[in-house]
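Written below as structure tokens is the structure these notes are about.
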Amino acid sequence: MSQLIRLKDIQATHRDLIGDDYYDPTGKTAFGVNEEKIGKVEGALVEDITGRIRYLIVDVGGWFSSKEVLVPAGLARIVGDDIFFDSLTKSQVEAMEEYDHDYQYSYKEQANKDRQAFVADTIPADERVELKEDYYNAPNTLELLEERLTVNKDRIVAGLVKVGKHVVSEDRAVDVELEEEHAHIERTEVNRPTERRIGDDAGADTVQVELEAERANVHKDTYVTEEVNVGKTTERHTETIHETIQREELDIDRDGNIVDREGNIIDRDDITADDVRAYRNK
């Protein structure tokens with residue numbers, strides 16, 4: 001009868017054989033029906049003959065204050081660091097026996113207990129499940145995740161333009177041609193007789209001549225010399241964003257064998273339940 005051995009015990013006793021690439025669900029977040037978070041995976045039980053994971057040890061503290069149960073590995077759906085048990089309900093978990101760390105489980109015995117627990121009278125009729133053999137095979141579907149860059153654009157104030165005006169004073173020299181009149185006295189000698197006597201019109205005979213001149217009359221007129229319109233234009237440029245992204249790649253072992261880091265199949269004929277128990281009792 002095949003025995004069930006904890007994965008961490010195999011890792012402890014034969015670490016040099018399985019290396020670090022063997023899938024270990026320990027610590028993954030667990031979700032039940034309707035993707036309700038129920039706790040986390042505490043480990044796995046491996047069948048000693050085939051080396052396949054048959055059960056996941058799940059702490060269902062999200063539904064119960066403290067309880068660990070064995071959930072058939074075939075009910076799991078692995079997505080990144082999360083494990084989803086899409087059909088696992090609270091009533092089903094309540095009907096399961098609590099996992100005993102010190103008990104030596106056999107594959108056949110535990111499978112019989114599961115078949116009884118999943119159809120227990122305490123479970124609503126629509127939640128009862130007849131467990132099939134493939135429910136104990138590790139999930140065949142592994143969702144691979146990949147990170148992709150999503151770049152959004154935000155508008156920011158890249159600059160502020162203020163347009164105003166101020167007064168600049170400067171001296172200007174303008175040449176203006178002006179005219180002015182000057183008195184010109186011309187004396188002409190004559191020799192002709194007259195009836196007037198000297199002194200008769202003393203002080204009365206005066207000749208006045210108005211002299212005119214042009215004077216610069218300066219005034220200032222205001223003219224519009226320039227119009228300034230302020231607008232915006234949009235220029236486009238390409239900016240290269242550098243970021244590191246991750247993706248998951250698939251590791252395939254078609255027969256469910258344990259493989260080392262180089263992909264070589266490890267013979268497990270020498271790994272028995274007695275070996276593990278002996279190691280644990282040291």
Side-chain angles (χ1 to χ4, degrees), residues 1-28 30 40-59 68-88 92 96-97 99-101 103-115 117-118 129-144 248-280:
M1 182 180 296
S2 59
Q3 303 294 314
L4 296 174
I5 306 173
R6 288 188 300 182
L7 177 60
K8 68 178 183 179
D9 291 335
I10 297 179
Q11 292 172 330
T13 55
H14 294 81
R15 189 72 177 187
D16 56 328
L17 296 179
I18 64 175
D20 297 323
D21 297 331
Y22 193 84
Y23 178 72
D24 186 357
T26 304
K28 310 296 184 184
K40 66 178 181 178
V41 178
E42 296 292 344
L45 293 185
V46 179
E47 186 181 7
D48 61 351
I49 295 177
T50 63
R52 294 186 176 183
I53 295 178
R54 298 300 187 184
Y55 287 94
L56 299 183
I57 305 171
V58 182
D59 182 349
E68 291 182 351
V69 296
L70 296 178
V71 181
L75 298 180
R77 177 170 60 91
I78 303 172
V79 181
D81 288 334
D82 298 328
I83 297 182
F84 294 85
F85 301 97
D86 297 318
S87 62
L88 187 64
Q92 293 171 348
M96 295 180 185
E97 291 184 356
Y99 172 65
D100 185 352
H101 288 260
Y103 185 73
Q104 179 58 58
Y105 289 89
S106 70
Y107 180 26
K108 183 176 180 180
E109 176 188 13
Q110 185 58 34
N112 290 332
K113 291 182 179 180
D114 295 337
R115 290 183 173 90
F118 274 80
V129 178
E130 294 286 346
L131 295 181
K132 301 177 182 179
E133 189 64 31
D134 58 355
Y135 285 13
Y136 294 93
N137 295 327
N140 294 325
T141 301
L142 178 65
E143 296 186 10
L144 303 181
E248 298 175 340
E249 294 187 351
L250 184 64
D251 296 324
I252 301 177
D253 175 23
R254 297 174 182 268
D255 299 322
N257 297 308
I258 296 177
V259 296
D260 60 17
R261 297 181 181 179
E262 286 73 33
N264 300 315
I265 298 177
I266 302 301
D267 185 3
R268 295 177 300 278
D269 292 341
D270 59 334
I271 305 176
T272 65
D274 292 336
D275 292 335
V276 177
R277 284 195 293 271
Y279 177 82
R280 292 171 56 187

Next on the checklist: Tell me whether Y99 contacts the main-chain N or O of V58 through its side chain, where contact means a donor paired with an acceptor under 3.5 Å.
Outcome noted: no
Checklist entry - When you check the side-chain N and O atoms of E47 and S2, is any donor under 3.5 Å from an acceptor? => result yes
Item to check | Atom NZ of K132: over 12 foreign heavy atoms under 6.0 Å | outcome: no
Checklist entry - Are the side chains of L45 and I53 in touch, meaning some heavy atoms are under 4.5 Å apart? => result no
Next on the checklist: Here's a test for you: under side-chain contact (heavy atoms from CB on, under 4.5 Å), which of V129, V71, V69 qualifies with L88?
Outcome noted: V71
Checklist entry - In chain order, what residues pass the side chain to side chain donor-acceptor pair (under 3.5 Å) check against E133, with sequence neighbours excluded? => result Y107
Checklist entry - Can a salt bridge be assigned to the pair D82 and K28 using a cut-off of 4.0 Å between side-chain N and carboxylate O? => result no
Checklist entry - Can you name the ring pair (Phe, Tyr, Trp, His ring centres under 6.0 Å) partners of Y55, sequence neighbours left out? => result Y136
Next on the checklist: Taking the basic N atoms (NZ, or NE/NH1/NH2) and the acidic carboxylate oxygens, is any pair closer than 4.0 Å for R115 and E130?
Outcome noted: no
Item to check | For L56 against A44, the heavy-atom pair lying closest together | outcome: CD2-CB, 4.0 Å
Next on the checklist: Is there a side-chain contact between F85 and R77 in this structure, where contact means two heavy atoms from C-beta onward sitting under 4.5 Å apart?
Outcome noted: no
Next on the checklist: Could you measure the distance from the CD atom of E68 to the CG atom of D100? Nearest 0.5 Å is fine.
Outcome noted: 10.5 Å
Next on the checklist: Using the rule given for side-chain contact (heavy atoms from CB on, under 4.5 Å), can you reason through Y105 versus I5, listing the C-alpha separation, both sets of side-chain angles and the distance that settles it, and then say yes or no?
Outcome noted: CA-CA 8 Å; Y105 289 89; I5 306 173; over 6 Å; no
Next on the checklist: Tell me if a side-chain donor or acceptor on Q104 pairs with a main-chain N or O of L4 at a distance below 3.5 Å.
Outcome noted: yes
Checklist outcome for this item: CZ (R6) and OG1 (T26) are apart, to the nearest 0.5 Å, by 10.5 Å
Next on the checklist: Let me confirm one number: the CZ-CG distance from R54 to D114, rounded to the nearest 0.5 Å.
Outcome noted: 12.5 Å
Item to check | Non-hydrogen atoms of M96 and A117 that approach each other most closely | outcome: CA-CB, 4.4 Å
